[in-house]
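Computed from a predicted structure; not experimentally measured.
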Amino acid sequence: MTVIEQARELGKAIQTDDRYIRYMKASEINDTDTEIQNKIGEFNLKRAELSEAMRTPDKDADKLTTLDKEIREMYDEIMAMPKMVEFNEAKAEMDKLLDSINYIVSMAANGEDPMTCPEQAPQGCSGSCSTCGGCH
């Protein structure tokens with residue numbers, strides 16, 4: 001089996017992982033949730049309004065401050081929605097999985113033993129396991 005074929009097998013394995021399944025489900029729920037999508041749309045419009053206000057030559061500081069405050073409040077409201085909390089937690093787990101895979105593959109490409117490398121870079125990792133003994 002070639003390296004590319006093995007990468008495709010890894011891709012299939014990722015798609016059966018519980019973290020992937022949770023992430024995809026949360027993503028689909030958010031993508032189809034009207035309330036979340038409306039809030040995101042309103043947020044994007046407010047950001048565009050702020051961007052436009054910042055481009056004007058005679059900026060109104062009070063207006064910029066008000067828009068910035070409204071954007072922060074809207075963001076906090078969106079991020080606190082239960083479905084968005086679930087999505088962010090699922091995404092963090094998926095990102096952690098992908099970071100671990102990338103780290104192991106990178107270490108192997110640098111000559112380290114992929115069977116003994118840790119799943120995550122040690123704190124202050126220089127990229128070489130010989131400096132800390134992390135993969136030996």
Side-chain angles (χ1 to χ4, degrees):
M1 182 177 294
T2 69
V3 171
I4 297 300
E5 291 168 332
Q6 289 175 337
R8 293 182 193 284
E9 288 298 316
L10 175 58
K12 283 178 19 183
I14 290 169
Q15 291 178 340
T16 64
D17 188 274
D18 289 341
R19 291 162 285 198
Y20 172 84
I21 294 166
R22 178 183 177 204
Y23 170 68
M24 292 307 291
K25 182 179 177 183
S27 180
E28 183 179 332
I29 287 170
N30 279 0
D31 288 347
T32 59
D33 185 282
T34 306
E35 181 183 10
I36 290 174
Q37 292 306 311
N38 287 341
K39 295 281 185 190
I40 291 171
E42 292 169 15
F43 173 80
N44 287 332
L45 288 173
K46 192 62 71 173
R47 277 190 4 195
E49 186 179 344
L50 175 62
S51 181
E52 182 65 31
M54 290 179 71
R55 283 195 296 265
T56 61
D58 53 338
K59 294 172 183 57
D60 179 344
D62 289 337
K63 181 177 181 178
L64 293 176
T65 301
T66 300
L67 287 170
D68 185 60
K69 181 178 182 247
E70 290 173 358
I71 288 169
R72 290 174 194 264
E73 288 171 355
M74 293 172 87
Y75 179 83
D76 290 344
E77 181 183 350
I78 292 167
M79 291 298 118
M81 297 173 83
K83 291 176 186 174
M84 188 58 78
V85 170
E86 167 59 19
F87 170 78
N88 284 325
E89 289 173 359
K91 183 179 183 320
E93 286 294 314
M94 189 64 198
D95 289 347
K96 185 177 176 184
L97 172 64
L98 294 175
D99 287 346
S100 293
I101 291 167
N102 186 48
Y103 182 72
I104 292 168
V105 170
S106 294
M107 290 294 95
N110 286 328
E112 303 297 339
D113 181 358
M115 302 311 287
T116 60
C117 273
E119 289 184 18
Q120 296 177 338
Q123 288 293 81
C125 181
S126 67
S128 171
C129 292
S130 64
T131 61
C132 71
C135 292
H136 296 286

Under 4.0 Å between a side-chain nitrogen and a carboxylate oxygen: does that hold for Lys25 and Glu28?
no
query = Under 4.5 Å between any side-chain heavy atoms of Tyr20 and Met94, yes or no?
reply = yes
Do Ile101 and Met24 sit in the same hydrophobic cluster, where Ile, Leu, Val, Met, Phe, Trp and Tyr count as joined when their side-chain heavy atoms come under 4.5 Å apart? yes
Taking every heavy atom of Phe87 against every heavy atom of Asn30, the minimum-distance pair comes out as CB-ND2, 3.0 Å
field: Backbone of Met115 reached by a side-chain donor or acceptor of Asp113 within 3.5 Å
entry: yes
Between the CD1 atom in Ile36 and the CG atom in Asp31, the distance rounded to the nearest 0.5 Å is 9.0 Å
Between Ser51 and Arg47, is there a side-chain donor-acceptor contact under 3.5 Å, judged purely by atom types and distance?
no
In this structure, CD of Glu9 is separated from CD1 of Ile4 (nearest 0.5 Å) by 12.5 Å
Side chain of Ser27, backbone of Tyr23: donor and acceptor closer than 3.5 Å? no
Rounded to the nearest 0.5 angstrom, the CD-CD1 distance for Glu42 and Ile71 is 12.5 Å
Within the structure provided, determine whether Arg22 and Glu89 are in side-chain contact (heavy-atom separation under 4.5 Å).
yes
Only residue of Glu73, Glu70, Glu52 satisfying salt bridge (charged side-chain N to carboxylate O under 4.0 Å, His left out) with Lys46 is Glu70
Note to self: Could you see if Val85 belongs to whatever hydrophobic cluster contains Met74? Use Ile, Leu, Val, Met, Phe, Trp, Tyr and a side-chain cutoff under 4.5 Å.
What the structure shows: no
Minimal heavy-atom distance between Ile78 and Phe43, with the atoms involved, is CD1-CB, 3.8 Å
One should read off an interatomic distance between Met81 CE and Asp76 CG, to the nearest 0.5 angstrom, of 13.0 Å
| message | Using the rule given for side-chain contact (heavy atoms from CB on, under 4.5 Å), can you reason through Lys91 versus Asp95, listing the C-alpha separation, both sets of side-chain angles and the distance that settles it, and then say yes or no? | response | CA-CA 6 Å; Lys91 183 179 183 320; Asp95 289 347; 2.9 Å; yes
Sorted by chain and residue number, the salt bridge (Lys or Arg N to Asp or Glu O under 4.0 Å) partners of Lys83 (sequence neighbours excluded) come out as Asp33
Flag side-chain contact, heavy atom, 4.5 Å: Leu67 against Lys63: yes
So CD1 of Ile21 and CZ of Arg19: to nearest 0.5 Å the spacing works out to 11.0 Å
Worksheet entry | From CA spacing to verdict: side-chain contact (heavy atoms from CB on, under 4.5 Å), Gln120, Lys96 | CA-CA 9 Å; Gln120 296 177 338; Lys96 185 177 176 184; 3.1 Å; yes
Contacts of Asn44 meeting side-chain hydrogen bond (donor to acceptor under 3.5 Å, both in side chains) (sequence neighbours excluded), chain-then-number -> none
Whether Glu35 and Lys39 form a salt bridge (side-chain N of Lys/Arg under 4.0 Å from carboxylate O of Asp/Glu) is what I want to check.
no
Do Val105 and Leu97 share a hydrophobic cluster (ILVMFWY, side-chain heavy atoms under 4.5 Å, transitive)?
yes
task: Kindly indicate whether the side chain of Glu93, heavy atoms from C-beta on, has any atom under 4.5 Å from the side chain of Asp17.
output: no
Within a 6.0 Å radius of atom OH on Tyr75, are there more than 12 heavy atoms belonging to other residues, nucleotides or ligands?
no
Flag if over 12 foreign heavy atoms under 6.0 Å of CD, Glu119: no
_Could you check whether any side-chain heavy atom of Asn88 comes within less than 4.5 Å of a side-chain heavy atom of Met84, counting everything from C-beta outward?_
yes
- request: Output yes when a side-chain donor or acceptor of Asn102 lies under 3.5 Å from a complementary backbone atom of Leu98, and no otherwise.
  value: no
More than 12 non-hydrogen atoms from neighbouring residues, nucleotides or ligands closer than 6.0 Å to CE on Met54, yes or no?
no
Checklist entry - Is Arg8 salt-bridged to Glu5, going by a charged N under 4.0 Å from an acidic O? => result no
Under 3.5 Å, side chain of Asp68 to main-chain N/O of Leu64, donor-acceptor pair present? no
